[in-house]
Structures are given as structure tokens and as C-alpha cells.
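Atoms within a ligand are numbered from 1 in the order they appear, just like the ligands themselves. Everything numeric in this text was worked out from a predicted model, so none of it was measured. Residues take their numbers from the sequence shown, with the count starting at 1.
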Amino acid sequence: MTVIAVVGSQWGDEGKGKAVDFLAERADYVARFNGGNNAGHTVINEFGTFKIHLVPSGIFAKNTTALIGGGVVIDPAVLIEEIEMLNKAGVGVDGRLWVSPRSHLIMPYHKILDGLYEDAKGAGATGTTRRGIGPVFADKVSYNGIRWTDFSSEAFENRLKVQLELKNKIIAALGGEALQFESVRDEYRGYYAKLKPYIKELFSIVQDGLKAGKTFLLEQAMGTFLDTDWGTYPFVTASTTIPSAASAGLGIPPKFITQVVGVTKAYTTRVGAGPLPTEIKDTNSEVYKKFGEVAATTGRIRRVGWLDLEIVRTAAELSGMTEICLTKLDILSGLKEIQVCVGYKVNGNPVRYADVDAYGLDKVECMYETLPGWSEDIRTAKSFEELPVNAQKYVKMIESAAGVPVKWIGVGPEREATIRR
Ligand code: GDP
Ligand code: IMO
Ligand code: MG
């Protein structure tokens, strides 16, 4: 039995979707364990180009069973749309996609409150995806959540009534429009009717799979530094993102997670507010234009920065990373020089990531090393040896800083554009 967690080592969007898609060929189960449809995972393969928010990115491998764990929060309309989209593309999810009845539902008031809280914070806003993620997790841990299990009794209607009484008062106080019980009830009953065939307790599926020695691929959403505890709080997301979350979010005992793949972008990006020590702010610079990306979920422009090895090193330590999947090395081609942050200083003294809070991280001085770039287009390279020497040196520098081998190198967005070492 092999249980492999795939986690992002930065602030999300490292290329986890692509990594899970190509690693899934050797998996029996592919699973999501945290977050919700704030995630946007891009997959490009023989079926087409997809931006997936809830279904595990390993669904494209024909023999996988896909699980959405109880640790995931679900906007049912998004899940329905995604299932239809995948079935239409010929991926065929019926009979091999199972959603935990323990997963919590994103309700209309969660999305409204997310927006109202953000607006109220003004300049101090987190820059959330406004998908209701913070409010739904807040309800989960304050015993106010609604789960799929509630639909099998009168619990759903009773709990919804109470929640609407509470939430409508807050919404009205903040200037929003109150929600009507009947319309929310009917809308969600409709979702339940459509999703019922996919809702199934995962406990015995997971336990039987572990006992039978099957291979599990666990797909994190968000990145290490959006983790509620270890990220740049309050500029984080509302779920635990480090591999231990997979234990609670799927019911997999921690001792079984023996492989942790750290998906690491060859530079850094961040969406939303919060510190980004290596940020490149000159929007006219060549490197800003090269690194530029559009967010898969919200369509916002991602902030960009040089590779930050203190961040990657800390992620490796926190998650017990066993190998790195380096992505987007191809994007660096053509740069004369590449800057890499090798550590931080405050008042001339070295500090680690964990020594400062988010506001402190915003002020650290980055110590940079400048490496020579390469001019060759590497998008068709099939082996490490085919890469220009300076690209090889860049990879080796990451390995030695993180203390983790780089086992895969992405040289393009498509599944095949991956070098295995
Ligand atoms: P995720 O949220 O971690 O799955 O990452 P996203 O899909 O949000 O963002 C990663 C972006 O990088 C997507 O547009 C991918 O298609 C793209 N990508 C992933 N790996 C590579 C790579 O090695 N090279 C290039 N050029 N693009 C890549
Ligand atoms: P994937 O899985 C990048 C960010 C938001 C915001 C903060 C809180 O595609 O890597 P939330 O809506 O979660 O309450 O927003 O977290 N964020 C992400 N950034 N990639 C993601 O997911 C993200 N999911 C949330 O931009 O700063
Ligand atoms: Mg993404």
C-alpha cells in the first residue's frame, strides 16, 4: 500500500492539478481532503483543458476511484456543473466518484457573508475568492454547519430555519438582502436529488483500500502558506492544508502517509492579499510579464515573485516532503539572470519564516543569489541531461536548499511536458 500526499509548497497554484493528473496513472484512489471550490486546478491532457474545483484531478485516469472527503466543503451547484462537464468530455465519472456525506455544504448565506466581511475589512481584506469558504468552515467548527447527512431526516429543514434566522440578522445589519427559507430549501433539495447517487460513506472504501494494499493519491487544495495555522495568518484560507489534514479529511491514519510530493513552482505567485517577500512589483518589467498568470477560479491576475527558498525549505520541513515536483521551469527560459531568495534578515540578523508573523514577513529583507539564466527553449526536453547546464544548476540548488530530491520537472502545461528523473 502506498499513500502519497501531493501538496503545494508555496501560496497555491503551484501546478498540483497537472502533477496529480500525471501521477494518477499508478493510483487506485485519488482524493481531495481539504478546502472547497476556492481551488482551481488546471489539467491539460488527451480529454482537453480543464479547470477543476472539486473533483480530484486524478479522475482522468480510467482505473481510479475518486473520493471527495469529509474535510472538503461543497458548493453543490459547482459540483453538479463539474460532473456534467466531465461526463460530457467523455471522462465518465458515474460509479467511480464518491462524495462523503460528512462534507459540509456552502449555503447562499456563506457566500453573501464572505463578501460582506471582505467589504467591511476594506484595505485589510484577505482578498478571498468570495466562494463562502471562511464562513462555511466557521459554521462547521461552531456546530452550525449543514451536511449531506442532514437530508435524510428533518435535520436539514430544522437546521436551515435556525441558520436563516441567525444569518439573516447579520446580513441585514451589514446592509445585505435577507434569504427566504422556502427558496433556499427547494434549491438545496434539488441539488441533493441530483447528487444523491454520488454520496456514500467513505469509511469502508478507504479502510478496505488500505487493507488491500491499494495506492492512494491525496490532492491538497491551496498551498502550505495558506494553511490556517502555518500560513501567513490572517491572509490564509480556512482549512488545514498540510498533509496531516488528509488524515482527518479522509479518515486515513497518519502513519500510512509515507510519501509527500511537494509541488513547487520555479518562481512564486500569490493571489489575494498578504506578504510575498520576493514580489516583483514593476509591472512593466520583462520578468513580471513572463511570470504573469490569471487565477483559475476567480480570473484575477496573480502576483509574482522570484523563487523563495526559505518558503520551499519550510514547506519541506512542515510537510515531511519526500520529493519535489518542480513546475514551470520552461517559463524561466530567456532570462539573462535569475534571482533566488536564499534567506531573510531582520535588522541585519538572519530569521526563519516561522520567526515572524505576516506583518513581519512583509518587512523582511530578502538575501538574493543571482544565477545565470539560459536562452534555450526547453519545452521539448525529455531528460534532465537535455536541459541547459544552468537549468540543471537551478534544479540542484533547489534540491540542496530543501534537502529533498527533485523527481519531476515541468517544462510545459501539458501532461507529457514532464521530465522524470
Ligand atoms: P494548482 O492550483 O496548483 O493546480 O495550479 P493552477 O492550475 O491554478 O496553476 C498552475 C498553472 O501553471 C496552470 O495554468 C497550469 O496549466 C500551468 N502549469 C503547470 N505546470 C506547468 C509547467 O511545467 N510549465 C508551464 N508552462 N505551465 C505549467
Ligand atoms: P489552489 O488549490 C491560490 C487564497 C485566496 C485568498 C485566501 C483566502 O488552486 O492552489 P478563501 O476564498 O480560501 O477564503 O481565500 O486564499 N486562495 C488561493 N490562492 N490558489 C488557491 O487554490 C487558493 N484558494 C484560496 O486568493 O488570498
Ligand atoms: Mg489553482
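Just one residue in the list Asp362, Thr268, Asp308, Ile311 forms a side-chain contact (heavy atoms from CB on, under 4.5 Å) with Pro277, and that residue is Asp308. Checking Arg32, Glu219, His53, Lys18 one by one against His41, the side-chain hydrogen bond (donor to acceptor under 3.5 Å, both in side chains) holds for a single residue, Glu219.
Ranking the protein heavy atoms by distance from atom 7 (O) of ligand 1 puts Thr42 OG1, 2.5 Å first. Protein heavy atom at the shortest distance from atom 2 (O) of ligand 1 is Gly40 O, 2.9 Å. Annotation: atom 22 (C) of ligand 1 to nearest protein heavy atom, Gly412 O, 3.1 Å. When hydrogens are left out, the protein atom nearest atom 10 (C) of ligand 1 is Asp13 O, 3.5 Å; that is the closest non-hydrogen contact. For atom 12 (O) of ligand 1, the closest heavy atom belonging to the protein is Lys328 NZ, 3.5 Å.
On a distance-only criterion, Lys265 and ligand 1 share no N/O pair closer than 3.5 Å. The shortest N or O to N or O distance between Gly15 and ligand 1 is below 3.5 Å. Remark: ligand 1 and Ile44 share no N or O pair separated by less than 3.5 Å (distance only, no angle test). The shortest N or O to N or O distance between Lys16 and ligand 1 is under 3.5 Å.
Tyr233 and Asp227 share no donor-acceptor pair across their side chains, judged by distance under 3.5 Å alone. For Arg300 and Thr298, the side-chain atoms include at least one donor-acceptor pair closer than 3.5 Å.
Only the side chain of Asp330 comes within contact range of ligand 1, with a heavy atom under 4.0 Å; no backbone atom does. Contacts between Val411 and ligand 1 below 4.0 angstrom, taking non-hydrogen atoms only, involve the backbone exclusively. Of the heavy atoms in Lys18, only side-chain atoms (C-beta onward) come closer than 4.0 Å to ligand 1. Of the heavy atoms in Arg302, only side-chain atoms (C-beta onward) come closer than 4.0 Å to ligand 1.
Between Phe60 and Phe47, the ring planes are tilted. Angles from 30° to 60° get that label. Ring planes of Tyr188 and Tyr191: perpendicular class, angle over 60° (limits at 30 and 60°). Ring-plane geometry between Trp11 and Phe225 is classed as tilted, the angle between the planes lying from 30 to 60 degrees on a 0 to 90 degree scale.
Protein residues with any heavy atom under 4.0 Å from ligand 2: Trp11, Gly12, Asp13, Lys16, Asn38, Ala39, Gly40, His41, Thr126, Gly127, Thr128, Thr129, Ile133, Ala221, Met222, Leu226, Val236, Thr237, Val271, Gly272, Arg300.
Excluding waters, the count of protein N/O/S atoms less than 2.8 Å from the Mg ion (ligand 3) comes to 2.
Looking at residues two or more places apart in sequence or on another chain, you find no ring-ring contact (aromatic ring centres under 6.0 Å, His included) involving Tyr109.
Every pair passing salt bridge (charged side-chain N to carboxylate O under 4.0 Å, His left out) that includes a residue from residues 112-128 is listed here, sequence neighbours excluded: Asp119-Arg130.
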For a salt bridge (Lys or Arg N to Asp or Glu O under 4.0 Å) check, start with the C-alpha distance between Glu317 and Arg352, then their side-chain angles and the critical distance, and finish with the verdict. CA-CA 12 Å; Glu317 291 167 329; Arg352 296 283 324 256; 2.9 Å; yes
Run the salt bridge (Lys or Arg N to Asp or Glu O under 4.0 Å) test on Arg302 and Asp13 for me, step by step, so that the C-alpha distance in whole Å, both residues' side-chain angles and the decisive distance to 0.1 Å come before the verdict. CA-CA 9 Å; Arg302 290 176 181 160; Asp13 306 324; 3.0 Å; yes
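If you take OG1 on Thr380 and CD on Glu416, they are separated by 12.5 Å, rounding to the nearest 0.5 Å. To the nearest 0.5 Å, atoms CE (Met222) and OG1 (Thr240) are separated by 12.0 Å. To the nearest 0.5 Å, atoms CH2 (Trp148) and OG (Ser100) are separated by 11.5 Å.
No more than 12 heavy atoms of other residues, nucleotides or ligands sit less than 6.0 Å from atom CD of Glu177. Under a cut-off of 6.0 angstrom, the local environment of CD in Glu201 is crowded, with over 12 non-hydrogen atoms contributed by other residues, nucleotides or ligands.
Within ligand 1, counting atoms from 1 as listed, the ones closer than 4.0 Å to a heavy atom of Ile331 are 26 (N). Every atom of ligand 1 with a heavy atom of Gly17 under 4.0 Å away is listed here by number and element: 4 (O). Taking every non-hydrogen atom of Gly410 and a distance limit under 4.0 Å, the qualifying atoms of ligand 1 come out as 23 (O).
Under a 3.5 Å cut-off, the side chain of Arg159 and the backbone N or O of Gly145 do form a donor-acceptor pair.
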